[in-house]
There are 4 protein chains.
Amino acid sequence: MAKTTCNKSRWVRRKEARPQELLASALALFIEQGYASTRLEDIARRAGVSKPTMYLYFKSKEELFKAVVRGRVVPVIAEIETLLAGFEGDSAELMRRVIMLRWVHAGAKKDAGLIRVITAEANNFPELATVYRAEVIGRDMRLIAKVLDRGIARHEFRQVDLALATEVLTSAMLMLTMWNSAVQPLGHLVDDPVMFLEALVDLMLGGLLPR
Amino acid sequence: MAKTTCNKSRWVRRKEARPQELLASALALFIEQGYASTRLEDIARRAGVSKPTMYLYFKSKEELFKAVVRGRVVPVIAEIETLLAGFEGDSAELMRRVIMLRWVHAGAKKDAGLIRVITAEANNFPELATVYRAEVIGRDMRLIAKVLDRGIARHEFRQVDLALATEVLTSAMLMLTMWNSAVQPLGHLVDDPVMFLEALVDLMLGGLLPR
Amino acid sequence: MAKTTCNKSRWVRRKEARPQELLASALALFIEQGYASTRLEDIARRAGVSKPTMYLYFKSKEELFKAVVRGRVVPVIAEIETLLAGFEGDSAELMRRVIMLRWVHAGAKKDAGLIRVITAEANNFPELATVYRAEVIGRDMRLIAKVLDRGIARHEFRQVDLALATEVLTSAMLMLTMWNSAVQPLGHLVDDPVMFLEALVDLMLGGLLPR
Amino acid sequence: MAKTTCNKSRWVRRKEARPQELLASALALFIEQGYASTRLEDIARRAGVSKPTMYLYFKSKEELFKAVVRGRVVPVIAEIETLLAGFEGDSAELMRRVIMLRWVHAGAKKDAGLIRVITAEANNFPELATVYRAEVIGRDMRLIAKVLDRGIARHEFRQVDLALATEVLTSAMLMLTMWNSAVQPLGHLVDDPVMFLEALVDLMLGGLLPR
DNA sequence: AATGAATGAGTATTCATTCAT
DNA sequence: CATGAATGAATACTCATTCAT
């Protein structure tokens, strides 16, 4: 059903695809240039439509931005959550896998750069920031928290403060995401994301102190 | 005697102070609203001058922005570096102190939010991003790297990869800075910065695994 | 039937006509007030459109000016050239006719005042001046030169220096044009253009010296 | 008296020289760039003073311009007039001399380009144009008219219309002046001013028709 | 549904002009 | 007298948004 849309014609398919094309175009440009610096006209052109067409689907530039953000809110890490629901094995390994998966499925993708835009526009779009914080980042954190919780419960991890440890881990991951998406000019804060993440996990698990 | 400059006329002359006032005003507004959304007029008003006055000191909005960023480049953590040059004692303690100092002296200040703006505008102002990466963030990283290096040399730390460990630690710190400056609407990613940093240090040093 | 385009709404669409209307408006105002003193807004208003509309057709005030000038370059005296191609009769008469025709068809028209603007802005728009000199004035001169050449070849004129004689004749004609277009305030340098031209021809042909 | 100004000091001399320096600077720049495009600041700099200084001597940019023009009104051709008052000899020769003198003493000088500016700004500064027309050009014309009158009276010239012949001759001369001052980009309408003038005189006197 | 054409409300920037010293 | 500092009033240009087709 739903997804089977036996498109009567290419034209009809277009009609239904338009919003998605616009959202994708907007997302890409917002990430590249920021919200304020991105011209509606460029978004339209990139989506292969004319400027006024956007107004058929979104009430304003602001609404378009909101739609872009909300579009990211839902689907991101749902899969990861299920994937790991049934995991057996030690929590250190689980942690490693979760973090890597989350990177591959989300952080590494170009779209992840949206977090940069939202952070930048936090004061101009408070509600957006709030929603994003709650739905996207919050979900990330819950993911991490679960793993930590499991590790502690199973005495595989020290009894650290759950909330704080979650924050620390998430911070490093998010920073990687932001930086990685900030394209060329910032120069890699991080040489190789995967190695960075491995080091993160290693340090988080084993600490600096010799044992 | 006499001429006790009681200037209360239409305007006041303060050649010396003006640039600093303008830079401060611009910095505050850029952090609050981002580069593109900040109107020159607002910067001027906040600095207590009229719009054209800025052009007496800066050639354009862009130059003003660059000056703002360059102004941050030099002084930030010079003090910390000296402070710690003569430190005696174990490296774990040193790490704790460095991170806390850096927070108090730099990250906690409102100005630190500039990193958000630069990250956001990285593609629009590549040179700026490069400079900032090299001069400001780079210095941060060198600071951390020194501590790690010392710890490893003295066998107080495990023999981790220096570069990667530095990246991990710095990332978490920078994320804290960005988030903390993103004011209200993003909601605290981090409840209490100091506790966050303590947790960071604790985890970094001791790891999650029980010993 | 039906849709008899009775557009009386906030604005009207006339893609085809607009550029010409704008050019005409700009030409008139440039001639009246000069390039620098003419405000884009006035040009727009006079053309019955809003300011931004001009940017739909011309990239900048400068481009608009260039277009105005280039628009004059082509068509001016083409007709005269053909008209006179087949002329039979003595060269004195031909000279008289050419000069009068050129006046009626070009110099007497309001548009001719453009030469004043171009002369005034010669240093600010060198390329324009060059083009105008070559294409418009140059054509005028070639016209005159042909007549002179013919007269000399047929021994109807003295064997004067062709180039110089052309310059002299053209100068007087152009001055008439400039002055005539400079409207009221300069006071007529010339009382009656036609009489002026007749005197010019008469003097040029017969000279002052009695024979 | 008057002109002997035994300047007490260099400083005092300065004070008296200032207006002249400003006028000269303004004249040069107005000729080069036109009235509207010339910035007060540039005029001041070229005169070696600061912007506000001009306001000590002239009420506004407009007044400065007027002063520039009025300054030209008086002295220009006074000398020529006297020089020729006592001329003996035939009028053809007189005509030649007058025109050449007038060129050397006035038209050839850079300042003569002012006529271009005034022509350009005729509509914006009507009074100026009127004054200039009457005082400067008018004097030129009277000069020519005298010569013509003399020639006709002495039966050395044909009995042409005095006013019209004057206009024709003056036009060519003025055009030469305007063009010559319009610097490089217009390309010489006239290859060599002196040869141009010789041709002018020759044609005016002898005409094109063979005798 | 889609768009070419048009515009209102800005925004950075310039420049003649004026204070206060 | 002279000027560094400051500004009000413009002006070119941009951009999100809307109309009419």
Side-chain angles (χ1 to χ4, degrees), chain A residues 11-12 14-16 18 36-44 48-62 64, chain B residues 3 5-16 18 36-44 48-62 64, chain C residues 3 5-16 18 36-44 48-62 64, chain D residues 11-12 14-16 18 36-44 48-62 64:
Chain A
W11 192 77
V12 172
R14 283 255 101 181
K15 176 161 63 170
E16 279 158 19
R18 277 286 141 79
S37 303
T38 298
R39 284 158 42 207
L40 237 14
E41 181 159 14
D42 293 338
I43 296 176
V49 299
S50 72
K51 234 187 317 173
T53 294
M54 169 170 3
Y55 287 88
L56 295 173
Y57 301 101
F58 305 96
K59 213 164 53 195
S60 66
K61 189 184 182 185
E62 203 169 317
L64 174 59
Chain B
K3 304 272 165 178
T5 48
C6 72
N7 313 314
K8 268 286 158 80
S9 72
R10 204 162 83 226
W11 41 254
V12 187
R13 278 159 82 176
R14 302 236 299 300
K15 187 196 180 171
E16 311 294 82
R18 282 285 138 84
S37 304
T38 299
R39 283 160 42 207
L40 237 12
E41 183 160 11
D42 293 338
I43 296 177
V49 299
S50 71
K51 230 186 321 172
T53 295
M54 170 169 4
Y55 287 89
L56 257 47
Y57 300 100
F58 304 96
K59 217 164 47 197
S60 65
K61 189 184 181 184
E62 199 169 321
L64 175 58
Chain C
K3 304 272 164 179
T5 48
C6 72
N7 313 315
K8 267 287 159 79
S9 74
R10 204 163 82 227
W11 41 254
V12 186
R13 278 161 82 177
R14 301 238 298 302
K15 188 198 182 173
E16 309 295 81
R18 281 287 138 81
S37 304
T38 299
R39 283 159 40 207
L40 236 15
E41 183 160 10
D42 293 339
I43 296 176
V49 299
S50 72
K51 230 188 320 173
T53 294
M54 171 170 3
Y55 288 89
L56 255 48
Y57 301 100
F58 304 95
K59 216 164 46 199
S60 65
K61 187 183 182 185
E62 200 168 322
L64 175 58
Chain D
W11 193 78
V12 173
R14 281 255 104 180
K15 174 161 65 165
E16 280 159 16
R18 278 284 141 82
S37 303
T38 298
R39 284 157 42 203
L40 237 15
E41 182 159 14
D42 293 337
I43 296 175
V49 300
S50 72
K51 235 187 320 173
T53 295
M54 169 171 3
Y55 287 88
L56 295 173
Y57 301 101
F58 304 96
K59 213 164 51 196
S60 67
K61 188 185 182 184
E62 203 169 318
L64 175 58

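Quick note on labels: first sequence line is chain A, next is B, and so on, each numbered from 1.
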Legend entry - Earlier contact from the 5' end, DNA chain E, for D:T38 and B:L40: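 Its nearest nucleotide lies further toward 5', so the answer is B:L40.
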
Inset, instruction - With DNA chain E as reference, determine whether B:Y55 or C:G48 sits nearer its 5' end, using the nearest nucleotide of each. - result: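 Counting from the 5' end, the first nearest nucleotide belongs to C:G48.
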
Inset, instruction - Ignoring hydrogens and angles, answer whether the base of E:dT3 and the side-chain atoms of A:K51 contain a donor-acceptor pair closer than 3.5 Å. - result: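 Between E:dT3 and A:K51, which were checked side chain against base, a qualifying N/O pair under 3.5 Å is absent.
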
Once you apply the 3.5 Å cut-off to both distances, tell me the Watson-Crick or G-U wobble partner of [N], or none.
| N | result |
| --- | --- |
| E:dA20 | F:dT3 |
| F:dA9 | E:dT14 |
| E:dA1 | none |

Inset, instruction - Taking C:K51 for its side chain and C:I43 for its backbone only, find out whether a donor-acceptor pair lies under 3.5 Å. - result: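 Pair absent, no side-chain N/O of C:K51 close to backbone of C:I43.
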
Legend entry - Polar side-chain atom of D:K59 near backbone of D:L64 as donor-acceptor pair, under 3.5 Å: no

Considering only side-chain heavy atoms of [X], which listed nucleotide, [options], is closest?
| X | options | value |
| --- | --- | --- |
| D:Y57 | E:dT3, F:dA2, E:dA16 | F:dA2 |
| D:R18 | E:dA6, F:dA2, E:dA2 | F:dA2 |
| B:R39 | F:dC13, E:dT11, F:dA16 | E:dT11 |

Legend entry - Along DNA chain F (nearest heavy atom to each residue), the more 5'-positioned of B:P52 and D:M54: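 Comparing both residues, the 5'-ward one is D:M54.
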
Inset, instruction - Name the residue closer to the 5' end of DNA chain F, choosing between D:S50 and A:E41 according to the nucleotide with the nearest heavy atom. - result: D:S50

Inset, instruction - Tell me whether the OP1 or OP2 atom of F:dA6 has a side-chain N or O from B:T53 closer than 4.0 Å. - result: no

Inset, instruction - For the pair A:M54 and A:V49, evaluate side chain to side chain contact (heavy atoms under 4.5 Å, CB included) and give the outcome as yes or no after the intermediate values. - result: CA-CA 8 Å; A:M54 169 170 3; A:V49 299; 5.9 Å; no

